[in-house]
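Keep in mind that the numbers below use all heavy atoms, side chains included, and drop hydrogens, waters and symmetry copies. Reminder, nothing fancy here: chain letters follow the sequence lines and each chain counts from 1. No experiment lies behind these values; they were computed from the predicted model shown.
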Amino acid sequence: MKTNRFFNRDVVSIKDFKREDLEYLFEKTDKMKKLNPKEKDELGKARIMGYLFYEPSTRTRMSFEAAMASIGGSSIGISDLKSSSIEKGESLQDTVRVMDLYSDIMILRHQLDGSSKFAAEISDHPIINGGSGSEEHPTQAMLDLYTITKEKKKIDGLRICILGDLKYGRTIYSLLYGLSNYDVEIILVSPPTLQIRQESIYGLKDKMKIIELTELNDTVFQNSDILYVTRIQKERFSDPQEYEKVKGAYTIDSNILKRFKPDISIMHPLPRIDEISQDVDSKSNAIYFKQASYGKDLRSALLALILNESPL
Amino acid sequence: MNVPSNKFEKKDIIKVENRYLETDETNKLSLIAPHATINIIKDYKLAEKRKIQLPDFITGIFKCPNLRCVTIGENIKSVIEVIDKEKIILKCKYCGRILSIDELIF
Ligand SMILES: [Zn+2]
């Protein structure tokens with residue numbers, strides 16, 4: 001029997017996964033969707049997924065929990081810091097060690113850079129990074145790429161515009177590194193104060209063409225195949241008026257949508273606040289809810305592959 | 001000490017007495033003085049001449065300058081990876097930040 005390439009593997013950074021890995025994962029995700037409930041149930045039966053969420057993220061946690069349940073496994077974990085020992089000062093090391101004793105696989109979300117890498121070193125069971133520090137969220141990048149392949153039937157050759165807070169948007173960095181495995185062009189659009197951190201995209205500009213803009217203009221409208229919108233948070237602005245101004249200039253509504261190519265696909269990692277207005281939701285261009293659904297499928301496949309030696 | 005040199009005009013010499021330096025100890029000097037040579041003197045005779053080499057990893061000497069790094073926040077021993085020995089480009093093993101020598105904190 002051939003061992004599948006994800007078996008027992010940690011998912012710490014998107015940088016650890018090559019194009020072949022991603023394509024393998026996407027193929028297995030497709031295949032798994034076709035299994036009947038009974039077959040799926042066997043993949044995670046009697047296995048426990050532990051989760052430690054040092055930062056609140058209902059979406060990511062729910063997605064992983066749904067994914068684990070769909071392959072017949074169960075979940076235990078801590079997502080409310082206030083009521084746990086972590087608040088009392090227990091080290092990350094100790095908390096990870098204990099959770100490692102109870103679970104077969106662990107999802108960790110933590111505010112510090114490198115926390116998952118560290119956790120992976122000290123735990124016996126595989127770790128999946130559910131978002132760490134300022135720039136790693138590998139499974140979000142994987143599901144974003146999977147969504148693109150499902151909607152556009154390819155990734156190569158696409159022009160992808162990423163809009164919003166690019167400085168603090170954690171998912172952006174992982175997505176860019178994921179995209180760098182493909183032949184794509186990137187257009188980044190953000191307010192001047194929220195532009196991408198150059199030190200965090202080391203080497204990326206050698207791999208793909210990246211255009212940086214501070215406003216939506218014809219370059220964006222005429223060229224983009226995908227518009228990936230992220231939230232601009234109020235907390236990032238010291239001046240509330242400045243925030244209102246910026247917010248208005250970057251909001252996507254059905255009017256501005258008309259200026260884009262008719263087949264543009266609009267993505268968003270969710271939760272969305274008002275950066276995409278609700279009148280866009282019913283348009284065929286809006287794929288952000290499908291994206292969340294693809295996310296669950298992809299995470300089910302990822303969990304199944306890490307937990308089972310045999311390929312799906 | 002400042003003495004004449006054949007290769008350069010002058011060279012500096014630092015003398016460490018009554019202590020044998022292991023290779024991984026002298027390699028640590030490479031970050032400050034990448035072209036230094038180590039002469040081990042035993043019983044008044046030159047016992048060994050060593051060219052300094054950058055190691056693949058530097059463990060525990062420096063702190064990662066990224067304040068949001070897990071090694072800082074959780075007080076873990078730092079591991080700095082040397083990804084380019086010629087240009088001396090370094091990378092924190094944990095947070096992945098690319099670093100130059102000047103950014104490292106003792
Ligand atoms: Zn670091």
Practice prompt. Would you give the length of the straight line joining atom CD1 of Ile76(B) to atom CD1 of Ile122(A), rounded to the nearest 0.5 angstrom?
Written response: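 The distance works out to 7.5 Å.
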Worksheet item: What salt bridge (Lys or Arg N to Asp or Glu O under 4.0 Å) pairs are there with at least one residue in residues 44-53 of chain B, not counting sequence neighbours?
Response: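 Matches after skipping sequence neighbours: Glu48(B)-Arg50(B).
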Quick one: donor-acceptor pairs between chain B and chain A, under 3.5 Å, side chains and backbone, table format.
unit_1	atom_1	unit_2	atom_2	d
Asn66(B)	ND2	Asp113(A)	OD2	2.9
Arg68(B)	O	Asp113(A)	N	2.7
Arg68(B)	NH2	Gln111(A)	O	2.9
Val70(B)	N	Asp113(A)	O	2.8
Glu74(B)	OE1	Leu92(A)	N	2.8
Lys93(B)	NZ	Glu121(A)	OE2	2.6
Tyr94(B)	OH	Glu121(A)	OE1	2.6
Tyr94(B)	OH	Glu121(A)	OE2	3.4

Worksheet item: What ring pair (Phe, Tyr, Trp, His ring centres under 6.0 Å) pairs are there with at least one residue in residues 45-83 of chain B, not counting sequence neighbours?
Response: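 Counting only pairs at least two positions apart or across chains, the ring pair (Phe, Tyr, Trp, His ring centres under 6.0 Å) contacts touching residues 45-83 of chain B are Phe62(B)-Phe106(B).
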Worksheet item: Does any heavy atom of chain A fall under 4.5 Å from the side chain of Leu99(B), the backbone, both, or neither of them?
Response: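 Answer is neither: Leu99(B) stays 4.5 Å or more from chain A.
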Fill in: Under the side-chain contact (heavy atoms from CB on, under 4.5 Å) test, residues paired with Pro56(A) that sit two or more places apart
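Listed in chain order: nothing, the list is empty.
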